[in-house]
> 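Can you keep this structure in mind? I'll have questions shortly.
Lettering of chains follows the sequences in order, A, B, ..., and the numbering in each one begins at 1. These numbers come from a predicted model, not from an experiment.
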Amino acid sequence: MPAQKPPLDPRSVINWQAPWRLKSNHDHPAVKLLKISAGTKNLKFGKIIHAHLLVSNQASENNVVENNTLLNLYAKCGQLSGAQRVFDGMRMRNVVSWGTLMAGYLHAGFCSEVLELSRDMVKVDNLRLNKYVLSTVLSSCAGDGLYCKGQQCHVYAEKSGLIFNQHVKNALVCMYSMCEDVEGAMKVFNGVPGLDVFTYNSLLTALLEHGSLSEALDVFRKLLEADVEWDGASYVGVLGLCACLKDLKLGSQVHSRMLKSGFNSDMFVNCAMIDMYGKCGEITKARKAFGSLKARNVVSWTAILAACLQNECFEEALKLFFEMETDGVRPNEYTFAVLLNSSASLSAAAYGTSLHAHIEKVGYEDFVIVGNALVNMYSRNGDIELAYSVFAKMRSRDPITWNSMISGYSHHGLGKEALTVFRDMLAAEEKPNYVTFIGVLSACGHLGLVEQGFYYLNHSMNMLGIEPGLEHYTCIIGLLGKAGQLDEAENFMRSMPVKWDIVAWRTLLNACHVQRNYRVGMRAAEVILQMDPNDVGTCILLSNMHAKFKRWDGVVKMRKLMRERNIKKEPGLSWTEIRNNTHIFIAGDNKHPESVQIQKKVRELLAEIKPLGYVPDPASALHDVEEEQKVDYLTFHSEKLAIAYALMKTPPNAPIRVIKNLRICDDCHSAAKLISKVTNRLIVIRDANHFHTFRNGICSCADYW
DNA sequence: TTCGCAAAGT
């Protein structure tokens with residue numbers, strides 16, 4: 001029976017007149033058209049062909065190739081039920097039929113169904129996995145994080161020799177990367193010869209995502225040696241590497257390579273370029289890259305916003321945000337996350353709050369990254385209660401959400417609350433990571449839980465396969481120091497095969513300062529000054545310590561040393577936000593228009609707290625100011641001025657929030673405690689390291705900071 | 001019949 005002429009575009013190159021003359025099924029015009037429909041995802045057109053086959057009685061449940069093509073059409077177009085119907089109706093099936101259906105499920109995100117199908121394929125039709133099916137199964141393992149299944153596939157790939165197939169190898173590398181087994185991924189990468197650009201790209205991207213920078217650099221070097229041609233994804237990956245390394249030189253080289261190879265109009269590559277320049281501190285070049293874009297989308301706008309904020313061009317960022325909206329590009333969750341995070345590092349509390357309102361108005365509050373950024377913003381702005389209320393309301397959370405809350409509580413000295421959230425995290429079956437334990441260990445520090453801290457370090461982390469790092473060990477120093485076990489802390493440092501940095505030794509020195517252990521403190525200071533003879537913080541702490549022990553010769557010696565080496569401390573600065581305006585105070589400052597009233601207010605406050613036991617601490621005298629300044633320095637430390645001003649300008653009962661660039665000194669700390677009592681105000685001071693929440697005469701840090 | 005890429009962060 002001759003084929004009917006279907007209602008088709010006459011320009012079609014297919015010969016409809018004489019299909020019977022064609023020998024192979026593969027060349028059947030209907031099959032060809034179905035392939036075209038699938039390739040262009042044109043379901044409507046494909047359905048017409050399908051209907052035609054049915055009407056003209058050409059459709060046959062025995063024609064495997066034709067049915068596979070049909071199956072592929074529905075699978076590609078995301079019509080899983082249609083694909084499944086075709087599959088179920090086939091009397092004869094081959095590996096391709098199974099593979100096509102599985103690819104459909106994979107694409108729609110039904111990874112476990114893919115694994116089920118692969119089992120059925122072996123069991124029901126007694127077929128073996130080929131390179132296509134194995135790749136699809138591996139991708140499903142990657143998508144669902146099914147590490148063990150993925151490893152079984154690896155064994156099968158080795159045994160069957162399919163591992164030498166490019167796609168299988170790429171899928172394996174990808175599986176290991178997605179299951180966070182960097183070593184496994186690198187093993188396949190290094191062990192099997194013959195890599196293509198996809199392998200490099202997917203491995204590089206995955207390594208960057210997991211922060212394995214040295215391995216990423218390794219892969220990058222091999223990519224250069226391999227002399228394979230880069231595609232867009234290679235540029236994106238390599239630029240991402242430059243951004244993480246903050247390697248401007250390498251980034252510029254990649255830029256010129258990109259210009260030569262004609263990838264300069266690729267949107268993805270250009271966004272990565274803006275990001276790279278932003279992260280490398282080259283805001284001018286980031287701006288230039290953004291300016292030369294032919295089209296802008298929400299990603300490129302967000303990238304330039306982030307670049308501005310990272311480089312502290314705050315006003316420009318606000319201007320750009322406005323421009324973006326007038327340009328008709330709507331901000332999305334990433335844009336809001338960028339803005340929130342910068343208002344957190346700025347501690348622009350009022351801006352953060354107004355952003356929150358805006359976000360709720362446009363309905364972006366349910367995105368995890370936005371929730372995370374809100375938790376972070378409120379916590380960093382000193383409002384841990386609001387941070388928690390956002391956290392509690394979040395519908396979905398990721399490890400960052402939990403970590404932000406745990407470390408937020410820890411920074412605020414709320415160890416008990418931090419550990420409660422940690423327990424909730426475990427109960428929610430979220431896997432803690434490297435960062436989680438930094439927060440957990442510092443919470444143990446606040447609570448003085450030495451044994452528990454060591455248990456987390458030695459057992460819990462080990463069980464979870466998390467290798468402790470310098471930050472964890474430094475938490476342990478803090479933990480021992482806080483518990484007053486300074487000799488133990490020092491022994492721990494001297495016996496562990498850890499490359500301690502200045503921060504770790506300063507943690508010990510600080511503990512000695514608080515616990516008044518002159519002996520260990522001097523030894524710690526000696527080590528630090530060997531590492532960096534000009535470490536300002538240590539010189540000051542050391543001189544304070546001498547003063548505490550009334551070793552005035554030591555104080556004089558330190559002062560002399562600092563003068564000789566021209567070690568200048570940063571001037572003490574405090575700021576507070578009142579009705580959207582930020583007021584900055586410098587110790588002993590009389591340039592503020594209301595400085596007379598402010599100083600009067602400070603004197604009043606100090607007189608008020610004197611009966612409660614406030615005694616000026618001479619050891620703190622030089623904390624906030626240079627020695628040469630002939631001011632009543634103790635009285636007019638910057639945080640005292642800020643507190644006094646906030647008390648003058650805010651309604652009774654309103655909490656007071658102050659940020660200070662240095663550590664708060666003993667004197668201001670005890671004054672703030674008593675002021676919170678006599679004025680019945682909540683006072684939150686964020687200093688260089690901690691949050692101090694003063695309430696009714698007590699500080700959240702329990703006088704240890 | 002299969003795969004990878006951009007903006008946020010603790």
> Please examine the side chains of A/Thr335 and A/Trp301, heavy atoms only from C-beta on, and report whether any two atoms are closer than 4.5 Å.
no
> What is the distance, rounded to the nearest whole Å, between atom NZ of A/Lys279 and atom C1' of B/dA6?
10 Å
> B/dA7, B/dT2, B/dA6: which one has an atom nearest the side-chain heavy atoms of A/Ala303?
B/dA7
> Determine whether the aromatic ring of A/Tyr334 stacks with the base of B/dA8, defined as ring centroids separated by less than 5.5 Å and ring planes inclined by less than 30°.
no
> Could you state the atom-to-atom distance from NE2 of A/His107 to C1' of B/dG4 in whole Å?
13 Å
> Please evaluate the base of B/dA6 for a donor-acceptor partner in the side chain of A/Asp266 within a cut-off of under 3.5 Å?
no
> Going by ring centres under 5.5 Å and near-parallel planes (under 30°), is A/Phe198 stacked on B/dG4?
no
> Closest approach to the side chain of A/Thr136, judged atom by atom: which nucleotide of B/dA7, B/dA6, B/dT2 is it?
B/dT2
> Send over the distance from A/Met273 CE to B/dA7 P, rounded to a whole Å.
13 Å
> Could you check which of B/dT1, B/dT10, B/dA8 has an atom nearest any side-chain atom of A/Val338?
B/dA8
> Going from NZ on A/Lys131 to OG on A/Ser160, what distance comes out if it is rounded to the nearest 0.5 angstrom?
12.0 Å
> Which part of the nucleic acid, if any, lies within reach of A/Glu209 when heavy atoms closer than 4.0 Å are counted: base, sugar-phosphate only, or nothing?
nothing
> Could you tell me whether A/Gly232 contacts a base, only the sugar-phosphate backbone, or nothing, with contacts defined as non-hydrogen atoms closer than 4.0 Å?
base
> Go through B/dA7, B/dG4, B/dT10 for me and flag the one nearest to the A/Val435 side chain.
B/dT10
> Among B/dT1, B/dA8, B/dT10, which is the nearest nucleotide to the side chain of A/Ile400?
B/dT10
> When you check the phosphate oxygens OP1 and OP2 of B/dT2, does a side-chain N or O of A/Gln166 lie under 4.0 Å from one of them?
no
> For A/Leu127 and B/dT1, what is the distance between atoms CG and P respectively, to the nearest whole Å?
18 Å
> Under 4.0 Å: is that the gap between some side-chain N or O of A/Lys169 and OP1 or OP2 of B/dC3?
no
> Of the nucleotides B/dC5, B/dA8, B/dA7, which one has an atom closest to the side chain of A/Thr302?
B/dA7
> Taking the side chain of A/Ala233 as its heavy atoms from C-beta onward, which of B/dT1, B/dA8, B/dC5 lies nearest to it?
B/dC5
> Heavy atoms under 4.0 Å, any strand shown: does A/Asn297 hit a base, just sugar-phosphate, or nothing?
base
> Between A/Ser379 and A/Asn376, do the side chains contain a donor N or O and an acceptor N or O under 3.5 Å apart?
no
> To the nearest Å, give me how far apart CG (A/Leu239) and P (B/dG4) are.
20 Å
> Between B/dG4, B/dA7, B/dT2, which one does the side chain of A/His167 approach most closely?
B/dT2
> Can you tell me how far P of B/dA6 sits from CG of A/Asp231, to the nearest Å?
12 Å
> Could you tell me the separation between the CE atom of A/Met276 and the P atom of B/dC5, rounded to a whole number of Å?
20 Å
> For A/Asn94, answer base if it contacts any base atom (sugar-phosphate contacts may also be present), sugar-phosphate if it contacts only those atoms, and nothing otherwise; contact means non-hydrogen atoms under 4.0 Å.
nothing
> Which part of the nucleic acid, if any, lies within reach of A/Asn201 when heavy atoms closer than 4.0 Å are counted: base, sugar-phosphate only, or nothing?
base
> Nearest to the side chain of A/Ser202, which nucleotide is it out of B/dG4, B/dA6, B/dT1?
B/dG4
> Name the one of A/Tyr200, A/Phe198, A/Tyr235 that satisfies ring pair (Phe, Tyr, Trp, His ring centres under 6.0 Å) with A/Trp230?
A/Tyr235
> Side chains of A/Tyr147 and A/Asp181: any donor to acceptor distance under 3.5 Å?
yes
> By the 4.0 Å heavy-atom rule, please label A/Asn270 as base, sugar-phosphate, or nothing.
nothing
> Determine whether A/Phe422 and A/Pro432 make a side-chain contact, defined as any pair of heavy atoms from C-beta on separated by less than 4.5 Å.
yes
> Checking A/Lys393 against A/Glu365 for the salt bridge (Lys or Arg N to Asp or Glu O under 4.0 Å) test, could you report, in this order, the C-alpha distance in whole Å, the side-chain angles of both residues, the deciding distance, and whether it holds?
CA-CA 10 Å; A/Lys393 269 190 264 171; A/Glu365 72 273 24; over 6 Å; no
> Round to a whole Å and report the spacing from CG of A/Leu203 to P of B/dG4.
15 Å
> Among the candidates B/dT1, B/dA6, B/dT10, find the nucleotide nearest to the side-chain atoms of A/Ser407.
B/dT10
